[in-house]
Amino acid sequence: METLAFKLEVFEGPLDLLLHLIEKNKVSIYDIPIVQITDQYIEYVSAMPHEDLDLVSDFLVMAATLLDIKARMLLPAEEEDEEEGDPRAELVERLIEYKKYRHLGEELADYEIDGIKVMVHPEDLPAEVKAYRPPVDIDELLGDVTLAKLKSIFDDVMKRREDKIDHERSRFGRIRRQTVNIGDRIRHVRGKLAGGKKQSFRDLLGTGVTKLEVVVTFLAVLELIKTGDLRLTEDSTRDDFILMEGEHHSSEIISEYAEEI
Amino acid sequence: MKLDGMIEGILFAMGSSVSKKELAEALDVQEKEIEEAADALEARLASEESGITLLRLDDRLQLGSRKECYDALIKLASHARKPVLTNAVRETLAIIAYKQPVTKAEIAKIRGVNSDHAVNRLVEYRLVTEAGRLEAPGRPILFGTTEEFLRHFALSSTDDLPDISAEKLAEFTEEAEAESTEVEV
Amino acid sequence: MKLDGMIEGILFAMGSSVSKKELAEALDVQEKEIEEAADALEARLASEESGITLLRLDDRLQLGSRKECYDALIKLASHARKPVLTNAVRETLAIIAYKQPVTKAEIAKIRGVNSDHAVNRLVEYRLVTEAGRLEAPGRPILFGTTEEFLRHFALSSTDDLPDISAEKLAEFTEEAEAESTEVEV
């Protein structure tokens, strides 16, 4: 069928298709024969492969717009919304705006032909420049770090450490060697995420007091990812991961991990 | 060695672009002198048909090979060729270049289609980058072009982008009207 | 463009050395012509005081920057490598100042994270130095502050560091205990 011959062409979007139809029918962009163009547009869209739903929906939105314009144009002109003018006006404006950028994109293609042929040079610093380290000016480096500041930094670090110490246990005097149980850590991680809460991966590992605890917490996270209980996304701004409940989160602890390691 | 030679040697060793300000500090001269020496260097490279050319990227300078060397170069090197953009991506880039800073929503409105994919491609190619946030609900990201954009399209500044003159615009619409009168029904 | 310009552009973009044979093939000329063009290029670069020079390495050619540019390059490089005091480094310095002599392991225990990198930075900045070995398995290195550290803070001895009062420490402990009972599960 001749009218559908263009359906195999790839259009960048509904505006691109509309411009194509306007050019093909040799009609003015300012006086679009809306019935004719709408029919052709809808014919095209209905023949479109429907795999890419996002793309199809953008084409359907335009179809609705065209049908709306068509309906308004069929109404008697002397109705109360006369001051609105031509129902096609906004569409015409959009088409011209789009056509402008489509044209500029094509213009850029010519520049691109030259630009991509220019090659730059890899860094080639002489060895002595590469090996050079500027002498450190301690006064400049320390800048606003006064003695008082240094003290408050120390206080802060020690306070943070104090906060971590488990005073309940330390009352027993000698602290027994801790056994770390992956089941407990899984429960701990789950608790952190319960109810759709989000958790920073760094902060989570930071809750471990001993190295063993950190390692086992890490293993617990891996296990939960494997079972689909946990999902993680990257937080590139903070060089971190964000953990949250996965789709298959269950409240049961995997029994094989209930044993100690 | 004269200043233009020094600039040439420094740009060669650095490989990347260097700002005129940094060059002025490293060479202990005024930025105005760097500007003059850059002109001299550009003229010298052109006059003696050097295979190297001076690129100006806003207020930064960089050396590049001349495009005439390209064919011989790709025979020698399996150079990672710069990506050639598809129409959709280039169209999106044109909108960003001329309207920057601009949000994904504005781009989608002009193109009539969701353009997230095209914008993401451009960010990946480092032709486009985040340029702040719009002070509006949701604080959407604004996008603008990069130095790589200038290099990719052999431009010195976004001011050198091809004009959309009033005439050109009129041409568009006339074209459409002319077509319509021809086939008046 | 003449052959010497083509060679210049190719060597520039390649960065590495390229054999005359490869150049001859890429440019579709005889090796002898490459040889002559290389001579011409070398003479031209020398006569016009270019900051770039042609290096001959057996039968290979390469471009390099001239030695006269090194001082300016070092200025540029030292600007780029200006050290900054990160939080990790500050904290580590505070710990070493108050707890010296102290091992890397102890610092890591106090900060809760491996602090080797921060300690190494401080040694590099000469704010911290080795201060003997701990008489313990593995004889780990002890670190302490340097004379430069004292000089910067105008201290005659580390004994003059502002006191961490006993009250303050007790306060911390109470606070921490209160918090720990609150979060009892």
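Naming convention: chains lettered A, B, ... in sequence-line order (proteins, then strands); numbering from 1 in each chain.
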Around atom [atom1] of [X], are there more than 12 heavy atoms from other residues, nucleotides or ligands closer than 6.0 Å?
X: C:R56; atom1: CZ; answer: yes
X: C:D71; atom1: CG; answer: no
X: A:D139; atom1: CG; answer: yes
X: C:K104; atom1: NZ; answer: yes
X: A:E123; atom1: CD; answer: yes

For this session: Report, by ascending residue number, the residues of residues 85-95 of chain C in heavy-atom contact with chain A at a distance under 4.5 Å; give 'none' if the set is empty.
Result: C:L85, C:R90, C:E91, C:L93, C:A94, C:I95

Problem set entry | Winner by heavy-atom pair count (cut-off under 4.5 Å) against chain C, out of A:V129, A:V118, A:L125, A:L147 | A:L147

Exercise. If you tally heavy-atom pairs under 4.5 Å against chain C, which of A:V145, A:D124, A:L142 wins?
Worked result: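 Most heavy-atom pairs under 4.5 Å with chain C: A:L142.
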
Exercise. Does any non-hydrogen side-chain atom of C:F149 lie less than 4.5 Å from one of A:I138?
Worked result: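 No, their side chains stay 4.5 Å or more apart.
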
Exercise. Are side-chain heavy atoms of C:F12 and A:M119 found at a separation under 4.5 Å?
Worked result: no

Exercise. Where on C:L76 is there a heavy atom nearer than 4.5 Å to chain A: the side chain, the backbone, both, or neither?
Worked result: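 No part of C:L76 comes within 4.5 Å of chain A.
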
Which atom pair, heavy atoms only, marks the closest approach of [X] to [Y]?
X: C:P162; Y: A:K151; value: CB-CD, 3.6 Å
X: C:Y125; Y: A:L141; value: CD1-CD2, 3.3 Å
X: A:P122; Y: C:G15; value: CG-CA, 3.9 Å

Problem set entry | Part of A:T146 within contact of chain C (heavy atom distance under 4.5 Å) |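 The answer is the backbone of A:T146.
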
